[in-house]
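Note: hydrogens, waters and symmetry copies are ignored here, and every other heavy atom, side chains too, is used.
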Amino acid sequence: MPVYDKGDQVRITATFTSDSVNTDPTDNADDVLVTWRRPSGRDTNGVADQDATPTATKTTTGIYFVDLTLDEEGVHTIRVKGLEGVVAADIVELQVAKSVFSD
């Protein structure tokens, strides 16, 4: 599991394929759902009263990314999921280490 410092910005990339060919899960980037669970248990999965939900950005056919700033120490879990067409998901876990410079 990669280890980062609090405040680092990371880019999570997801590639959707069908029969080994890059394929968009849909023609609408809103159908790529990013869920980010922080160590405190805060979840950003489209719930209005939570932090702003990170959105995926398409770079080319089947490839999407999301940039996140790691704001808590501990394990962050990020899931990128296609909701239509190519229905698939990938989960990434990142460790944010305690630093002598942490607030």
Atom pair [atom1] ([X]) and [atom2] ([Y]), whose distance is rounded to the nearest 0.5 Å:
X	Y	atom1	atom2	value
Gln9	Thr69	CD	OG1	4.5 Å
Thr77	Arg38	OG1	CZ	12.0 Å
Thr13	Phe65	OG1	CZ	8.0 Å

Which heavy atom of [X] sits nearest to which heavy atom of [Y], and what is that distance?
X	Y	value
Glu73	Ala97	CG-O, 3.9 Å
Glu72	Pro39	OE1-CD, 3.3 Å
Ala14	Val80	CB-CG1, 3.6 Å
Val96	Asp5	CG1-C, 3.7 Å
Val34	Pro54	CB-O, 3.5 Å
Val75	Gln95	CG2-OE1, 3.1 Å

Practice item. Please examine the side chains of Leu68 and Ile78, heavy atoms only from C-beta on, and report whether any two atoms are closer than 4.5 Å. Key: yes

Review point. Would you call Asp71 and Arg42 a salt bridge, taking side-chain N to carboxylate O under 4.0 Å as the test?
Key: yes

Review point. Is any side-chain N of the basic residue among Asp90 and Arg79 closer than 4.0 Å to the acidic one's carboxylate O?
Key: no

Point to revise | Check: Thr17 main-chain N/O paired with Asn22 side-chain donor or acceptor under 3.5 Å | key: no

Check your understanding: Sub-3.5 Å donor-acceptor pair from the side chain of Thr23 to the main-chain atoms of Val21, do we have one?
Key -> yes

Practice item. For the pair Thr55 and Tyr64, evaluate side-chain contact (heavy atoms from CB on, under 4.5 Å) and give the outcome as yes or no after the intermediate values. Key: CA-CA 10 Å; Thr55 56; Tyr64 294 78; over 6 Å; no

Check your understanding: Under a 4.5 Å side-chain heavy-atom rule over Ile, Leu, Val, Met, Phe, Trp and Tyr, are Val92 and Val32 clustered together?
Key -> yes

Review point. Transitively linked via ILVMFWY side-chain contacts under 4.5 Å: Ile12 with Ile63?
Key: no

**Study point:** side-chain contact (heavy atoms from CB on, under 4.5 Å) evaluation trace for Phe16 with Asp24
**Key:** CA-CA 6 Å; Phe16 295 92; Asp24 287 326; over 6 Å; no

